[in-house]
Amino acid sequence: FFGLREDYNPLLYIPADLYLSIPVEVLHTLLLGSCKHFLKDVMPKMSPQQKREIQARVRAFNTSGFNTKLQGSVCYYYQSFVGRDFKGWTQMALFILSPYLSDGQKEVLLAFSKVFKIAYCDFFKPVLLDEWKRVCQAFVSAVKQHMPSLLEKQKTHLILHLVDSMVKFGPCSVFSAER
């Protein structure tokens, strides 16, 4: 019947939680997940004048302290971005977009920036784990309150498991899909 058989499946009886055995991966969860969906939610609501101003702000932004350079066409081609583009954008978005965001959107972006900082740390101390979990929870709470459309994405929920994943597997750079 449609290629499915009701045979015994030994994978269903493994004494482990397979979901918790997979790390929360930064590239797909943060950059191609929450960051991309944030831009997809915010950019279409910008007026043509705001988009021109944002493009001018991107071109004028001093990127000498960053490993990446943003393209001025961010307002129109953000859906074609790859991970490194979103990584650079995440580091600079608060400075560039701030005048055009509502207070709630700023709160979401600021909370996301804090999660981003945690995800890219090279080491961590056990005393910081509870604080980091609160930061991840604060991001999801800000999304729930100000941008609930982002909650429809499973990747937003996965951020709640980021710190546990780091405890189990080490810093995200150890299991990152980024090159």
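- Applying the side chain to side chain contact (heavy atoms under 4.5 Å, CB included) criterion to S64, with sequence neighbours excluded, gives N62.
- F86 meets the ring pair (Phe, Tyr, Trp, His ring centres under 6.0 Å) test with F81; sequence neighbours excluded.
- Annotation: the span from K153 atom NZ to H37 atom NE2 amounts to 4.5 Å, rounded to 0.5 Å.
- Note that OH of Y120 and OG1 of T90 are 8.0 Å apart. Values are rounded to the nearest 0.5 Å.
- Between M43 and Y76, the closest side-chain pair of non-hydrogen atoms is not below 4.5 Å.
- Each salt bridge (charged side-chain N to carboxylate O under 4.0 Å, His left out) pair with one or both residues in residues 26-47, not counting sequence neighbours, appears once here: D41-K45.
- The two residues C172 and A119 come nearest to each other via the heavy atoms CB-O, 3.2 Å.
- The shortest side-chain heavy-atom distance between L30 and F112 falls under the 4.5 Å cut-off.
- Checking side-chain atoms of S113 against main-chain N and O of L109 turns up a donor-acceptor pair under 3.5 Å.
- Note: L27 CG to C35 SG = 11.0 Å, rounded to the nearest 0.5 Å.
- Atom-to-atom distance recorded for L31:CG and E25:CD is 8.5 Å, nearest 0.5 angstrom.
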Checklist line | Residues R52, Q49; criterion side chain to side chain donor-acceptor pair (under 3.5 Å); working and verdict | finding: CA-CA 5 Å; R52 283 191 296 277; Q49 176 61 30; 2.9 Å; yes

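- Within the 4.5 Å cutoff, side-chain heavy atoms of C121 are placed close to those of M166.
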Would you give me the side-chain donor-acceptor pairs under 3.5 Å for residues 91-101, sequence neighbours excluded?
{"residue": "Y100", "atom": "OH", "partner": "E53", "partner atom": "OE1", "Å": "2.9"}

Using a 3.5 Å cut-off and no angle test, enumerate the donor-acceptor pairs between side-chain atoms of residues 154-162 and protein atoms at least two apart in sequence or in another chain.
{"residue": "K155", "atom": "NZ", "partner": "H28", "partner atom": "O", "Å": "3.2"}
{"residue": "T156", "atom": "OG1", "partner": "L150", "partner atom": "O", "Å": "2.8"}
{"residue": "H157", "atom": "NE2", "partner": "H161", "partner atom": "NE2", "Å": "3.1"}

Pairs of donor and acceptor atoms involving the side chains of residues 126-142, under 3.5 Å and at least two apart or interchain, shall be tabulated with distances.
{"residue": "E131", "atom": "OE1", "partner": "R134", "partner atom": "NE", "Å": "3.4"}
{"residue": "E131", "atom": "OE1", "partner": "R134", "partner atom": "NH2", "Å": "3.1"}
{"residue": "K133", "atom": "NZ", "partner": "D164", "partner atom": "OD1", "Å": "3.0"}
{"residue": "Q137", "atom": "NE2", "partner": "S141", "partner atom": "OG", "Å": "3.3"}
{"residue": "S141", "atom": "OG", "partner": "Q137", "partner atom": "O", "Å": "3.0"}

Next item on the list: In sequence, state the C-alpha distance, the side-chain angles, and the governing distance for S21 and K168, and then conclude on side-chain contact (heavy atoms from CB on, under 4.5 Å).
Entry: CA-CA 9 Å; S21 298; K168 187 170 185 172; 4.0 Å; yes

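- In this structure Y13 satisfies the ring pair (Phe, Tyr, Trp, His ring centres under 6.0 Å) test together with Y8, sequence neighbours excluded.
- A distance of 11.5 Å separates OG of S173 from CZ of F123, quoted to the nearest 0.5 Å.
- The salt bridge (charged side-chain N to carboxylate O under 4.0 Å, His left out) analysis of residues 106-127, with sequence neighbours excluded, yields no pairs.
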